[in-house]
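Below: the structure, in structure tokens.
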Amino acid sequence: MTVRIAAPRVEDAGALADLHLDTWEEAYAGLMPASVFAERRARRDEREASWAGIIASGSSDNLLAWVPDGTLVGFSSTGPGRDDPAEGLPPLELMALYVRASAYGTGVGHALLTAALGTSDAYLWVLDGNVRATRFYERQGFVLDGTTKPEDVGLERRMVRRS
């Protein structure tokens, strides 16, 4: 497996858009209505354009995990925290970490998290009911801090890691 920074080129944005669509369906099946996935797929070209803009702008650090056959199996996005700094949160936010179900348990998620955060203090949001992700983050030192926020797709719970 190779982990590298997403480059501002069509191939990376397209592969990332497709991976993001696939991993949402794999991770959130049963947690969201199928209509959410169908609506996202119907707007695939918009998602690719959005990822191209995000990568080009440098507003977040986006890492891609590729296996030797050229398949993109995971990605992470990190950047300055978007929550109110007055809450005393770490300045770094893990905005996304997704891995294909076929790569669960292979170390891809851990490799991406380590490459993205190292041992830095950080926080993230996890969808309520996503037990697999919550347990993964707990093994990496994150704890639920009791803060929640409603989103269009469901309730999110904040997790924080401090050294």
Side-chain angles (χ1 to χ4, degrees), residues 1-6 15-41 43 47 50-51 54 59-67 71-163:
M1 173 187 55
T2 301
V3 175
R4 68 167 173 78
I5 296 170
L16 191 45
D18 291 335
L19 176 70
H20 203 187
L21 290 167
D22 293 346
T23 57
W24 257 58
E25 291 176 14
E26 294 170 347
Y28 302 137
L31 297 176
M32 294 179 194
S35 60
V36 171
F37 307 130
E39 185 275 330
R40 288 170 56 86
R41 287 230 176 250
R43 297 175 49 213
R47 301 197 68 71
S50 176
W51 273 114
I54 290 167
S59 60
S60 59
D61 294 323
N62 303 287
L63 298 176
L64 307 177
W66 301 85
V67 291
T71 302
L72 180 61
V73 294
F75 81 94
S76 67
S77 296
T78 56
R82 297 172 289 179
D83 289 4
D84 184 355
E87 294 184 51
L89 292 168
L92 184 60
E93 180 179 359
L94 178 64
M95 300 167 186
L97 177 67
Y98 290 95
V99 174
R100 289 190 187 281
S102 62
Y104 287 172
T106 65
V108 172
H110 184 264
L112 282 165
L113 185 75
T114 300
L117 300 178
T119 58
S120 297
D121 293 353
Y123 73 94
L124 58 89
W125 292 93
V126 64
L127 186 66
D128 187 41
N130 191 346
V131 176
R132 179 180 193 81
T134 301
R135 288 184 180 151
F136 170 80
Y137 293 126
E138 287 173 341
R139 288 191 305 272
Q140 311 312 314
F142 287 86
V143 296
L144 292 164
D145 75 351
T147 304
T148 62
K149 67 177 178 179
E151 293 289 342
D152 292 343
V153 294
L155 185 70
E156 292 192 346
R157 299 185 176 281
R158 191 168 62 199
M159 300 185 79
V160 180
R161 180 175 79 180
R162 299 182 193 281
S163 49

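Remember, predicted model here, so these are calculated numbers, not experimental data.
- Rounded to the nearest 0.5 angstrom, Leu19 CG and Leu72 CG are separated by 4.5 Å.
- Here Ser76 pairs with nothing under the side chain to side chain donor-acceptor pair (under 3.5 Å) rule; sequence neighbours left out.
- Under the salt bridge (Lys or Arg N to Asp or Glu O under 4.0 Å) criterion, Arg139 pairs with no residue, sequence neighbours left out.
- Partners of Asp18 according to the side chain to side chain donor-acceptor pair (under 3.5 Å) rule, which considers only residues two or more places apart in sequence or in another chain, are Arg44.
- Residues satisfying the ring-ring contact (aromatic ring centres under 6.0 Å, His included) test with Tyr137, not counting sequence neighbours, are Phe142.
- Here the straight-line distance linking atom CG of Asp128 with atom CG of Leu155 works out to 5.0 Å at 0.5 Å rounding.
- Every pair passing side-chain hydrogen bond (donor to acceptor under 3.5 Å, both in side chains) that includes a residue from residues 111-121 is listed here, sequence neighbours excluded: Asp121-Ser163.
- To the nearest 0.5 angstrom, Thr147 atom OG1 is 8.5 Å from Asp83 atom CG.
- For residues 24-40, the pairs satisfying salt bridge (Lys or Arg N to Asp or Glu O under 4.0 Å) are Glu25-Arg41, Glu39-Arg43, with sequence neighbours left out.
- Each ring pair (Phe, Tyr, Trp, His ring centres under 6.0 Å) pair with one or both residues in residues 73-92, not counting sequence neighbours, appears once here: His20-Phe75, Trp51-Phe75, Phe75-Tyr98.
- Applying the salt bridge (Lys or Arg N to Asp or Glu O under 4.0 Å) rule to pairs touching residues 106-119 yields nothing, sequence neighbours excluded.
- Of the possible donor and acceptor atoms, none in the side chain of Tyr28 sits under 3.5 Å from a partner among the backbone N and O of Val153.
- Taking CE of Met159 as the reference point, atom CG of Leu144 lies at 4.5 Å (rounded to 0.5 Å).
- Residues passing the side chain to side chain donor-acceptor pair (under 3.5 Å) test with Thr71 are Asp69, sequence neighbours excluded.
- Applying the ring-ring contact (aromatic ring centres under 6.0 Å, His included) rule to Phe136 yields no partners; only residues at least two apart in sequence or on another chain are considered.
- Applying the salt bridge (Lys or Arg N to Asp or Glu O under 4.0 Å) test to every pair with at least one member in residues 88-115, sequence neighbours left out, gives these pairs: Asp22-Arg100, Arg82-Glu93.
- Residues satisfying the side chain to side chain donor-acceptor pair (under 3.5 Å) test with Asn130, not counting sequence neighbours, are none.
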Worked check of salt bridge (Lys or Arg N to Asp or Glu O under 4.0 Å) between Glu156 and Arg158: CA-CA 7 Å; Glu156 292 192 346; Arg158 191 168 62 199; over 6 Å; no
